[in-house]
Every structure is written in C-alpha cells, then in structure tokens.
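Input: a single structure, listed below in structure tokens.
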2 protein chains.
Amino acid sequence: MRLTTKGRYAVTAMLDLALHEGQGPISLADISSRQQISLSYLEQLFAKLRRNDLVKSVRGPGGGYQLSRNKADIVVVQVIDAVNESVDATGCNSKGDCHGGEVCLTHHLWCDLSEQIHGFLSGISLADLVARKDVQQASQRLDKAHLRSVDIERIVATG
Amino acid sequence: MRLTTKGRYAVTAMLDLALHEGQGPISLADISSRQQISLSYLEQLFAKLRRNDLVKSVRGPGGGYQLSRNKADIVVVQVIDAVNESVDATGCNSKGDCHGGEVCLTHHLWCDLSEQIHGFLSGISLADLVARKDVQQASQRLDKAHLRSVDIERIVATG
DNA sequence: TATATAGTTGACTAAATTGGTCGGCTAATA
DNA sequence: TATTAGCCGACCAATTTAGTCAACTATATA
C-alpha cells in the first residue's frame with residue numbers, strides 16, 4: 001500500500017473540478033496554476049482518470065475536463081484506484097498466498113487494516129469534500145491567487 | 001504514506017518473538033526460516049527495532065532477540081514507526097505547509113485518514129495478535145514446518 | 001482558412017526507495 | 001580457541017515517483 005503525491009494530486013485535481021462545476025470545461029492549465037501541480041504530470045493523471053471514466057474531456061479552445069457524473073457519485077477511493085495507487089495493505093493483494101501458498105502470520109491484520117482504510121475513503125464523495133468548511137476556505141484562497149496571476153499575465157501580455 | 005514489506009516484515013518478526021516468548025532469546029536465523037524473511041534484511045530491521053528500544057539482544061551462542069517489554073505494551077504502530085515507515089498520509093507530515101506555506105485543498109482529508117489508520121494500529125498490541133485464532137493457527141503451521149527443516153538439517157549434518 | 005488552444009500520446013529521465021547481498025567485525029560461550 | 005550469533009557498513013538491481021519534452025490531433029474562433 002502506498003499513498004503518495006500521485007494519489008493526493010489526483011484527488012486534489014478532481015476536487016478542483018468539483019469546486020468549479022457549472023463553469024464549463026476546466027483546463028489542466030488552470031488546475032496546474034491553482035493547485036501547483038506540474039501540467040505534464042496532470043496530463044498523465046488525467047489520462048488514467050479518463051480511462052476510468054471519472055472525467056470527460058472537451059478539446060479545442062475553451063476546452064478542458066469535467067466530471068463524468070455527479071460529484072456525489074464519485075468517491076475518494078475510486079480516484080486513488082484510478083491512478084494505480086492501491087489501498088490494499090496486504091503483501092498478496094488480499095489473495096492469501098503470502099507465505100508459500102498459504103496466509104502469512106499477519107495476513108488478517110493487514111486485511112483488517114485495508115478494510116478500515118477502504119471503508120473510510122469510500123465513505124467520502126467529492127460532494128462531501130466540497131461541503132466542508134476547510135475545503136471552501138482553502139478554495140477561496142487559491143481562486144483569488146489564481147485570478148491575481150491571470151491578471152498579471154494579461155497586463156504583461158497587453159503591455 | 002507507505003506500508004510495504006519493510007513494515008510488514010517488522011511486525012511479523014516482532015509477532016514471532018511474542019509467540020515464542022519464554023523460550024529464551026530467539027535467533028534471527030530461526031525467524032528467517034520460520035517467516036521466510038532474508039536474514040540480512042532482518043538484521044537491518046532489528047538494528048532499528050533495537051535502537052527504538054522494542055527488543056533487546058543477547059550475543060554469542062544461544063543468543064538472539066527478546067521483546068524489551070511486555071507484549072501487551074508494544075503496539076503495531078510503534079513497530080512500523082521504528083522501521084521508518086510513516087503512517088502519515090499527508091504530503092507535509094501534518095505540518096500544514098503543503099501549498100506554499102499554507103494547507104492544500106485536501107490537507108484535512110489526509111489528516112483525518114492518518115488519524116484513522118494511526119488509531120486502528122495503535123489499538124492493536126502484540127498480545128492482542130497472539131490471542132487471535134487465525135494467528136495461532138498460522139503460527140502452529142509455521143512452527144511445524146520449521147521443526148521439520150531443523151530435523152532435515154540435523155540428519156544431513158550427522159549423515 | 002489560418003491560427004491558437006487544449007487534449008493525447010509516448011519516450012525519456014533523475015532521484016529516491018526497496019529489498020536485498022556480501023564481507024568483515026565483535027562479543028560470548030562451550 | 002573455535003563457533004555462534006549479533007553488529008555494521010558498503011554496495012547493488014529493480015522499481016517507482018515525479019516529472020520533462022516533443023510531436024500530434026481535434027476544435028473553436030478571428
């Protein structure tokens with residue numbers, strides 16, 4: 001089991017989409033600047049999210065990504081799974097063949113732990129996160145900073 | 001956060017010690033043969049376990065390792081911590097500076113998850129594991145196989 | 001229709017971590 | 001004094017992470 005920036009970035013990016021729902025497609029460039037995630041890395045992650053049918057893409061100018069279904073119907077563990085980060089804590093992927101075909105001494109412990117984690121992360125939808133006060137506050141901060149940087153770019157571009 | 005063989009091996013080895021408590025020092029060679037863990041790797045892990053005061057060592061023939069305190073007073077999360085596998089799921093080690101000095105969008109989510117995992121693993125002592133039926137069954141299996149292999153070695157050695 | 005935007009794909013990479021191996025050392029005991 | 005067993009540090013192959021880069025395709029708009 002591992003939970004690294006890969007899974008965290010994916011959840012953060014999906015939450016960014018959920019927060020800006022109804023504003024049309026959101027470009028990866030926007031997410032990249034708001035959430036400080038490398039654009040190229042986001043591309044990799046979104047390729048997997050799309051393959052897992054969690055987002056749909058719109059090409060061309062004004063394009064971007066949107067959630068493929070209601071934010072209440074996408075749950076954190078699905079996002080983490082989609083980018084290949086397993087939440088399984090066993091060494092045998094819960095198959096029970098960790099010690100020469102049989103279960104190892106601690107197999108059931110790791111099974112129980114996996115269940116705990118899976119249960120926790122499958123009980124939290126993007127809609128749940130959007131509703132949280134701490135998320136709303138952080139989101140406002142990030143959006144403001146993003147708008148400022150867009151302004152600066154415009155000023156630089158137009159002289 | 002990651003939970004790999006490193007942490008699992010450490011817990012398994014500590015549980016092996018707990019199961020054979022009262023039989024004097026247990027050598028890493030015994031643990032290695034019973035639990036199918038590389039001896040040299042066990043040495044690395046036990047260096048850390050000893051530094052963290054979870055085991056004490058006895059040198060010389062008949063030597064080995066013993067738990068440094070009662071098995072009811074050693075808890076799974078301590079073992080995992082000792083071998084440097086963090087159970088923290090945040091990207092900032094719970095410091096809250098994950099997004100340029102401030103918390104990132106998903107900081108609190110990972111904090112909550114960390115708390116879940118930590119709570120779960122700190123509620124399970126080695127004594128709890130020893131008392132479990134699935135552990136006892138697996139342990140009997142492994143001990144029998146170990147005795148057989150010891151017999152074979154003796155037969156080979158004596159001709 | 002040209003052009004800019006934005007997604008798609010694939011090849012590549014530096015750095016870190018994992019799961020070890022190997023050799024030599026030291027302490028204790030029989 | 002030989003053997004056992006822990007101690008220690010150097011080294012290593014394989015994998016994963018967190019990217020970069022370049023080329024391509026689809027689409028909207030000027």
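In the text below, chain A, chain B and the rest are named by the order of the sequence lines, each starting its count at 1.
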Whichever of B:Arg2 and A:Ser57 has its nearest DNA chain C nucleotide further upstream toward 5': A:Ser57
For DNA chain D, find the residues of residues 86-114 of chain B with a heavy-atom distance under 4.0 Å and give them by number; none if there aren't any. none
Please give, in whole Å, the distance from C:dG19 C1' to B:Leu42 CG? 12 Å
Could you give the CG-to-C1' distance, from B:Leu28 to C:dG20, as a whole number of Å? 15 Å
What salt bridge (Lys or Arg N to Asp or Glu O under 4.0 Å) pairs are there with at least one residue in residues 75-95 of chain B, not counting sequence neighbours? none
Any residue meeting side-chain contact (heavy atoms from CB on, under 4.5 Å) with A:Arg141, in chain and number order, not counting sequence neighbours: A:Ala138, B:Glu102, B:Val103
Using the closest heavy atom to pick a nucleotide of DNA chain C for each, name whichever of A:Ala47 or A:Gly63 lands nearer the 5' end. A:Gly63
A:Tyr65 OH - C:dT5 C1' separation (whole Å): 14 Å
With sequence neighbours excluded, what pairs up with B:Ala127 under the side-chain contact (heavy atoms from CB on, under 4.5 Å) test? B:Lys71, B:Ala72, B:Ser125
Here the gap from A:Leu17 atom CG to A:Leu28 atom CG, rounded to the nearest 0.5 Å, amounts to 8.5 Å
Protein-nucleotide distance (B:Met1, atom CE; C:dT17, atom C1'), rounded to Å: 16 Å
Between D:dA5 (P) and B:Gln66 (CD): distance, integer Å: 14 Å
For B:Glu115, does the CD atom have more than 12 heavy-atom neighbours from other residues, nucleotides or ligands under 6.0 Å away? no
Does A:Arg50 put a side-chain nitrogen or oxygen below 4.0 Å from OP1 or OP2 of C:dT8? yes
Report, as a single string ordered 5' to 3', how protein heavy atoms within less than 4.0 Å touch nucleotides 18-30 of chain D: B base, S sugar-phosphate only, - not at all. BBB----BSBB--
Look only at the side chain of A:Ser32 and the backbone of A:Ser38, and say whether a donor-acceptor pair between them is shorter than 3.5 Å. no
Spacing of CE belonging to A:Met14 relative to CG belonging to A:Leu129, to within rounding of 0.5 Å: 11.0 Å
Taking side-chain hydrogen bond (donor to acceptor under 3.5 Å, both in side chains) as the cut-off, I'd like each qualifying pair that reaches into residues 46-67 of chain A, sequence neighbours left out, listed once. none
Separation of B:Leu45 atom CG from C:dT18 atom P, in whole Å? 11 Å
What integer distance in Å separates A:Lys48:NZ from C:dG7:C1'? 17 Å
If we ignore angles and hydrogens, is there a donor and acceptor under 3.5 Å between the side chains of B:His20 and B:Asp143? yes
